[in-house]
Number of protein chains: 2
Amino acid sequence: MKAKRTIRDIANELQLSITTVSLVLNGKARQNRISQEVIDRVLKFVKEVDYRPNHFARSLRNGKSKIIAFMAEDISNPFFSSVARLIEDSANNSGYKIVYCSTENNTEKTRELIRTFKDRRVDAYIITPTEGIEKDIETLVTNRIPLMLFDRYFTDLSTGYVVIDNEQSTCTAIQHFIEQGYRQIGFVTLDSDQTQMSGRYKGYIRALEASGLPRFVLRIPYGSTETSIIDAIINFLAENREIDSLFFSSNYLGISGLKALKKKNLSIPDDIGVIAFDDSEVFRMHTPTITTVTQPVEEISHKLVESVLNQLRHEESSDDIRKDKIKLPAKLVVRESTARKK
Amino acid sequence: MKAKRTIRDIANELQLSITTVSLVLNGKARQNRISQEVIDRVLKFVKEVDYRPNHFARSLRNGKSKIIAFMAEDISNPFFSSVARLIEDSANNSGYKIVYCSTENNTEKTRELIRTFKDRRVDAYIITPTEGIEKDIETLVTNRIPLMLFDRYFTDLSTGYVVIDNEQSTCTAIQHFIEQGYRQIGFVTLDSDQTQMSGRYKGYIRALEASGLPRFVLRIPYGSTETSIIDAIINFLAENREIDSLFFSSNYLGISGLKALKKKNLSIPDDIGVIAFDDSEVFRMHTPTITTVTQPVEEISHKLVESVLNQLRHEESSDDIRKDKIKLPAKLVVRESTARKK
DNA sequence: TTTTTTAGCTAAAACGTTTTAGCAATGTTT
DNA sequence: AAACATTGCTAAAACGTTTTAGCTAAAAAA
């Protein structure tokens, strides 16, 4: 068992000062006029003995943890776990590790999580914000902590974010219903005022207004169990028997919706048309296959991590950090669930 | 903006020594004969000014990062992201944060990841090991680093682990096929010698031998694309036309399998029976619904985190760490895909 | 009264880096 | 020959904790 070597040991063994070794190791040798001979000697030795600097000491000294916090609503949701997977490698390659947590869209919990992350001087944040967390996010921003929101954001807060064009993509989806001959279009959404949900709602309204069709809206309380969602949808359909199509504004609403329709023995797409937000294997494999508004997960993830790393790189420079405000288009993937026999 | 307060500031403001404050904060006041009056004074003040100790300094001093590494094969796989979600809260409640990474079952990558985690003095590991990583795991064990393997383990390594009884559960599944009247049972698995896969294979063999039925085995190379898996399965069926049922030994093999069957227009369960390993929403929603060997994800997660936290608690004590070797039963969830009309 | 014990607190070292300020020797300009 | 610049390196402070060893004063024992 070789003893852990410190920079001090290295310095002693090479008959150099700690300073010199440190400068070489940090690539600041040239600008500090360390001779090439010494540079080579240090580099060679350090490689030989596989010296690995102590992260704690380094962090203590320079205040950086080399950790990025990934705060998603629920890491086990396929959308969020895909993002988690896709940001992972780039972060690692830049020397960052990612700690995750699930906010459950619970503001109190999120606040507490941010607190503990602050304690650990996490270097950057990627967050799906909850409704009441605005102030806390603002504090991070004023402290110039690199930060990106995603999935939703705060219109009156100057942060970077990556979202999709919820209004336009939903509008397109509803128009697709209309083109397929559906006229009584129901909208099942979460009872939430966050940007992503209000955007989807606006898209629904806009499409309807353009064609003068009636509205049918069901708002599900946040955190409802699957069975209560299913019941709510069944009720909704019973009270509005004219409905001939349903738009589900999230992937798990869609899944519960399909279960509800199955339970009522309604046939898709003939009795009722279906479109769900967020793609997933379930929708691709379902019989019939389900038309979805598909988020560009790769691009979202890529932009998120790119922007955060960029902020981290330019953190020192006094000029303003680039706060990317990115709105990506989502794609309507047309499948069998909207192919009505006319 | 209030300046960050250090323990030194606290000590000064209270006219006490740093030592005293530190002892109180760490609950070691009583055993060091600090008077109750001083204890109260410190605790009150610290609460008032919301003092938060610097993690880096603490870590540097005592060598603990308060971080657990969660190394799964692929964090975006529903099985692993569920575990991630389920271990998260208990870990947080005990003051630990979780960093994740995806090994892709790539030994070189895993080795490198373990290296970087070691550099950061991660306190504990929860790992789905890859085939070649035995030595590296062993090093962790000899260094007495708290560690749990899951999903698979090394028979000749003394580590804690949580797995399911792959052999028994697969055997039961195959027997179910037989009871349902299937006689030509195909087994689609990954070309891997890891315990979970060999266990499932053994279960298949055992069930067949008991009834003298023929074997049909397809081994898919690790890391195959979905399309190549589908092609392989289609070929396999073409070359073995007598096959009347298929067992898929992982969830994504099952999904690819269903796509292959759909492509060949084979009807489940009449043309062919289907059982998949690992449950997922896809199998519950599929038409017909798919019989699965369902892993007890909650229990797996619970045992994992409980055991790791236990190891962390008793790390100091010189007596042997408890190395829980847990094998949980998996449940056969019978659905429509094995309900052959006889 | 002197010695010993105990109660209550603290000084200082240590953890392992990064970085500022500066020193000595050599080279260059006046 | 004196003054200045440059090259090549280093001493030491700082980051903020935890913990060991020990000090002083009061209480108890001799």
Side-chain angles (χ1 to χ4, degrees), chain A residues 2-43 45-46 49-66 95 118-121 123 315-316, chain B residues 2-43 45-46 49-66 95 118-121 123 315-316:
Chain A
K2 61 167 177 286
K4 264 287 157 219
R5 233 179 274 255
T6 72
I7 198 172
R8 167 164 281 114
D9 301 329
I10 304 283
N12 286 339
E13 297 175 69
L14 287 173
Q15 301 277 51
L16 287 170
S17 77
I18 294 181
T19 309
T20 306
V21 177
S22 175
L23 290 173
V24 172
L25 257 29
N26 291 290
K28 300 184 180 168
R30 290 272 63 163
Q31 57 190 276
N32 283 76
R33 300 183 301 262
I34 307 294
S35 67
Q36 191 60 50
E37 182 261 327
V38 167
I39 296 182
D40 293 343
R41 211 147 54 88
V42 171
L43 255 28
F45 186 73
V46 152
V49 303
D50 189 31
Y51 161 73
R52 321 229 91 202
N54 181 310
H55 259 271
F56 299 147
R58 192 176 265 184
S59 294
L60 176 58
R61 178 55 223 234
N62 62 23
K64 300 280 161 247
S65 60
K66 287 282 175 179
K118 270 179 160 173
D119 285 352
R120 288 166 177 262
R121 309 288 195 285
D123 291 341
E315 209 177 356
E316 305 312 313
Chain B
K2 59 167 178 285
K4 265 285 156 220
R5 233 178 275 254
T6 72
I7 198 173
R8 167 165 280 112
D9 300 330
I10 304 283
N12 285 338
E13 297 176 70
L14 288 173
Q15 300 279 53
L16 288 169
S17 77
I18 294 181
T19 309
T20 307
V21 177
S22 174
L23 289 173
V24 171
L25 257 29
N26 290 291
K28 300 184 178 166
R30 289 271 67 159
Q31 57 191 274
N32 283 76
R33 299 184 303 262
I34 307 294
S35 68
Q36 192 58 51
E37 181 262 328
V38 167
I39 295 182
D40 293 343
R41 211 147 53 89
V42 172
L43 255 27
F45 186 72
V46 152
V49 303
D50 190 30
Y51 161 74
R52 323 227 90 201
N54 181 311
H55 259 272
F56 300 146
R58 190 176 266 183
S59 293
L60 176 59
R61 178 57 224 239
N62 62 24
K64 301 279 161 249
S65 61
K66 287 283 176 176
K118 269 179 161 174
D119 285 352
R120 288 167 176 262
R121 307 289 195 286
D123 291 341
E315 208 177 357
E316 303 313 312

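Chain A is the first sequence line, chain B the second, and so forth, proteins listed ahead of strands; every chain is numbered from 1. Side-chain atoms are counted along with the backbone in the values below, which use heavy atoms only and exclude waters and symmetry mates. Because the structure is a prediction, the values reported are computed rather than measured.
Note that the two end axes of the helix from C:dT1-D:dA30 to C:dT30-D:dA1 enclose an angle of 60°, each drawn from 5 base pairs, rounded to 10 degrees.
Applying the side chain to side chain contact (heavy atoms under 4.5 Å, CB included) criterion to B:Gln15, with sequence neighbours excluded, gives no partner residue. Applying the salt bridge (Lys or Arg N to Asp or Glu O under 4.0 Å) test to A:Asp9 and every residue at least two apart in sequence or in another chain returns nothing. Not a single salt bridge (Lys or Arg N to Asp or Glu O under 4.0 Å) links B:Arg30 to another residue, sequence neighbours left out. Residues passing the side chain to side chain contact (heavy atoms under 4.5 Å, CB included) test with A:Ile10, sequence neighbours excluded: A:Arg5, A:Leu14, A:Val21, A:Phe45, A:Val46, A:Val49, A:Tyr51. Judged as a side chain to side chain donor-acceptor pair (under 3.5 Å), and not counting sequence neighbours, A:Asn12 has no contacts. Residues satisfying the side chain to side chain donor-acceptor pair (under 3.5 Å) criterion with B:Arg61, sequence neighbours excluded, are absent altogether. With sequence neighbours excluded, the residues satisfying salt bridge (Lys or Arg N to Asp or Glu O under 4.0 Å) with A:Arg41 are A:Glu37. In this structure B:Asn26 satisfies the side chain to side chain contact (heavy atoms under 4.5 Å, CB included) test together with B:Ser22, B:Lys28, B:Arg58, sequence neighbours excluded.
Put simply, chain B comes within 4.0 Å of DNA chain C, heavy atom to any atom, from C:dA7 to C:dG16, going 5' to 3'.
The stretch residues 20-27 of chain B touches DNA chain C through B:Thr20, each having a heavy atom within less than 4.0 Å of the strand. Contact check of residues 6-16 of chain B against DNA chain D (heavy atom, cut-off under 4.0 Å) returns B:Thr6, B:Ile7.
Counting any heavy atom pair closer than 4.0 Å across all strands shown, B:Asn54 reaches sugar-phosphate atoms only and no base atom. When heavy atoms are screened at a 4.0 angstrom cut-off, B:Thr19 is found touching base atoms of the nucleic acid.
For D:dT10, one of the phosphate oxygens OP1 or OP2 lies less than 4.0 angstrom from a side-chain nitrogen or oxygen of A:Ser17.
Residues B:Glu37 and B:Arg61 each lie close to DNA chain C; by heavy-atom proximity, the contact nearer the 5' end of the strand is made by B:Glu37.
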